[in-house]
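Shown next, in structure tokens, is the structure this report addresses.
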Amino acid sequence: MSETVIALHGVKKSYQDTPVLDIARLELASGIYWLQGENGAGKTTCMKVMAGLIPFKGEIILQGAVSSRQHPVRFRRLINYAEAEPLYPAFLTGRDLLELYLNTKGGDRENIRQISEQLGVHNFVNNPVSSYSSGMLKKLSLLLAFTGNPVLILLDEPLITIDTQALEVLYELIRSFRKKGVTFCITSHQPLDNKALTITGTLNVAGKNITLN
Ligand SMILES: Nc1ncnc2c1ncn2[C@@H]1O[C@H](COP(=O)(O)OP(=O)(O)OP(=O)(O)O)[C@@H](O)[C@H]1O
């Protein structure tokens with residue numbers, strides 16, 4: 001059994017007084033996980049909680065050492081999250097955002113330049129995001145998710161709106177980052193291509209809990 005990458009302990013999340021997540025314990029080893037569940041089950045909420053982007057009760061520990069409570073900055077640097085429907089300030093260019101991510105998260109600039117070319121982001125990266133189509137926004141958000149030195153990358157509906165060429169690039173990126181030991185958690189209402197990706201397990205979000213199969 002490989003080392004636990006992420007462990008959720010007593011994680012509870014409510015919006016106002018409505019509970020959405022109540023996870024006593026969940027531990028994931030390194031791998032690629034497909035996060036499944038009905039509309040409104042709590043998948044996006046779970047990803048935002050895991051990424052440390054919204055407040056929650058309980059604690060999440062990365063690699064047995066980095067706690068969401070005790071080391072919130074280190075914690076957030078180790079997890080990247082690409083939103084299902086990314087929204088950025090309209091006046092910023094893709095390059096402004098990319099520089100912000102590279103300066104705060106670090107990582108290999110040359111590798112990111114190559115990924116930008118593979119995804120075609122370099123063609124529009126100097127334009128303000130207000131001029132982007134939904135697919136262009138999605139490609140930019142996926143590029144940003146590969147910046148830094150994450151141990152876990154959360155991809156929320158990454159397959160929607162991107163063209164087939166970008167989809168092949170995305171699968172290849174996931175495979176190559178996986179070889180470097182990065183763990184992925186991916187939501188998709190469409191089936192993931194099991195020839196393109198070897199799925200370690202599925203995570204089912206239902207009844208406020210998450211079960212690993
Ligand atoms: N900011 C918010 N304020 C109040 N309630 C919210 C908020 N965000 C989500 N919810 C509620 O939390 C529940 C879970 O939503 P979430 O977006 O996590 O589901 P999901 O599984 O990602 O759904 P989908 O498959 O439709 O994207 C839903 O009942 C939703 O209405």
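Ligands are counted one by one from 1 in listed order, and the atoms in each one are counted from 1 as well.
Checked against I210 for a side-chain contact (heavy atoms from CB on, under 4.5 Å), the options L28, V11, L26 give a single hit: L26. Checked against Q70 for a side-chain contact (heavy atoms from CB on, under 4.5 Å), the options S67, P72, S68 give a single hit: S67.
Shortest contact from atom 26 (O) of ligand 1 to any protein heavy atom: N39 ND2, 3.0 Å. For atom 25 (O) of ligand 1, the nearest protein heavy atom (residue, atom name, distance) is K43 NZ, 2.7 Å. What sits closest to atom 19 (O) of ligand 1 on the protein, heavy atoms only, is G42 N, 3.3 Å. Taking atom 18 (O) of ligand 1 as the reference point, the nearest protein heavy-atom neighbour is T45 OG1, 2.6 Å. Scanning all protein heavy atoms for the shortest distance to atom 9 (C) of ligand 1 gives Y15 CE1, 3.4 Å. The nearest protein atom to atom 17 (O) of ligand 1, hydrogens excluded, is given as T44 CB, 3.7 Å; this is a heavy-atom distance. G40 O, 3.8 Å is the protein heavy atom nearest to atom 29 (O) of ligand 1.
The pair D163-K139 meets the salt-bridge criterion, since a charged nitrogen lies less than 4.0 angstrom from a carboxylate oxygen. Salt bridge annotation for E99-R109: present, with a cationic side-chain nitrogen under 4.0 angstrom from a carboxylate oxygen.
The distance criterion of under 3.5 Å between nitrogen or oxygen atoms is not met by G37 with respect to ligand 1. Where the criterion is an N or O separation shorter than 3.5 Å, residue side chain and backbone included, C46 fails it with respect to ligand 1.
If you look at H189 next to ligand 1, the close heavy atoms, those under 4.0 Å, all belong to the side chain.
Shown in contact with E38 at under 4.0 Å from a heavy atom are these atoms of ligand 1, numbered in order with element: 21 (O).
When all heavy atoms of N209 and D22 are compared, the pair lying nearest together is OD1-O, 3.8 Å. Of all heavy-atom pairs spanning Y132 and T93, the tightest one is OH-C, 4.4 Å.
At distances below 3.5 Å, at least one donor-acceptor pair connects side-chain atoms of E157 with backbone N or O atoms of H189.
Note on ring orientation: taking the six-membered ring where Trp is involved, the planes of F177 and F146 are perpendicular (angle over 60°, cut-offs 30° and 60°).
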